[in-house]
Amino acid sequence: MNNTQLKRALIAVLVGLAIPMLMLAVDDADSTAIGTRTVEGLVRDIACPLQNKKSTSTSYSKDCITTCVKAGSPLGILAADGTTYLPVTESMPDTGQGQLKPFIGEHVQATGKVFERNGGHAIQISEIHQLPGDVAGK
């Protein structure tokens with residue numbers, strides 16, 4: 001194989017590897033993903049902050065959160081600005097709620113693909129951990 005043929009073969013291999021990688025990196029045109037983000041907030045039931053203006057990410061009762069979750073209220077991450085991020089997964093039916101259960105009533109930092117649609121927010125969590133110095137419920 002001469003030098004020109006070797007260069008062409010190498011370019012063909014590189015292009016063949018690059019195209020699938022680029023396709024994976026770009027979100028589907030129909031996706032509502034806005035990219036990978038890090039979200040910080042309180043893991044809690046989503047009902048109370050929607051119904052009670054006094055319920056924030058810093059003013060809450062861990063016992064109340066636990067009671068609501070046991071009764072079936074879905075979990076979310078309530079950020080300081082009042083935005084609630086629902087956990088989602090690629091699988092259907094969705095199984096994102098399980099990722100938040102170990103952190104009920106705790107402040108966390110979660111990183112993952114964030115989605116926005118019609119005022120709703122969701123995060124496909126790839127990494128999550130409790131923030132240090134968290135208050136155990138107020």
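Computed from heavy atoms alone, side chains included, the values below leave out hydrogens, waters and symmetry copies.
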Trainee: List the atom of Val43, the atom of Phe103, and the distance in Å for their closest heavy-atom pair.
Mentor: CB-O, 3.2 Å
Trainee: Can you tell me how far the OG1 atom of Thr89 sits from the CD atom of Gln97, to the nearest 0.5 Å?
Mentor: 10.0 Å
Trainee: Using a 3.5 Å distance criterion without hydrogens, assess whether the side chain of Ser73 forms a donor-acceptor pair with backbone atoms of Cys68.
Mentor: no
Trainee: Quick check: closest heavy atoms across Lys54 and Ser59, and the distance to 0.1 Å?
Mentor: O-OG, 3.4 Å
Trainee: Check Thr56 against Arg44 and note the closest heavy-atom contact, atom names and distance.
Mentor: O-NH1, 4.2 Å
Trainee: Check the hydrophobic clustering (I, L, V, M, F, W, Y; side-chain heavy atoms under 4.5 Å; chains of links allowed) and say if Tyr85 and Leu75 are grouped together.
Mentor: yes
Trainee: Under 4.5 Å between side-chain heavy atoms, hopping through other hydrophobics if needed: is there a path connecting Ile125 to Ile46?
Mentor: no
Trainee: Rounded at 0.5 Å granularity, tell me how far CZ in Arg37 sits from NE2 in His121.
Mentor: 10.5 Å
Trainee: About how many Å separate CG of Asp94 and CD of Gln124, when rounded to the nearest 0.5 Å?
Mentor: 9.0 Å
Trainee: Which pair of heavy atoms, one from Leu100 and one from Pro87, lies closest together, and at what distance?
Mentor: CD1-CG, 3.5 Å
Trainee: Do Ser61 and Asp63 get their side chains close enough for a donor-acceptor pair, meaning under 3.5 Å?
Mentor: no
Trainee: Has the side chain of Ser57 got a donor or acceptor atom that lies under 3.5 Å from a matching backbone atom of Leu42?
Mentor: no
Trainee: Can you tell me how far CD of Glu127 sits from OG1 of Thr36, rounded to the nearest 0.5 angstrom?
Mentor: 11.5 Å
Trainee: Quick check: closest heavy atoms across Ile77 and Ala110, and the distance to 0.1 Å?
Mentor: CD1-CB, 3.8 Å
Trainee: Kindly determine whether Glu40 and Leu131 satisfy side-chain contact (heavy atoms from CB on, under 4.5 Å), including the steps that lead there.
Mentor: CA-CA 8 Å; Glu40 290 185 3; Leu131 291 174; 4.1 Å; yes
Trainee: Group every Ile, Leu, Val, Met, Phe, Trp and Tyr by side-chain heavy-atom contacts under 4.5 Å, then state whether Ile65 and Leu86 land in the same group.
Mentor: no
Trainee: Just how far is it from atom OG1 of Thr38 to atom CD1 of Ile123, taken to the nearest 0.5 Å?
Mentor: 7.5 Å
Trainee: Heavy atoms only: give me the nearest Ser55-Leu78 pair and the separation to one decimal.
Mentor: O-CD2, 4.5 Å
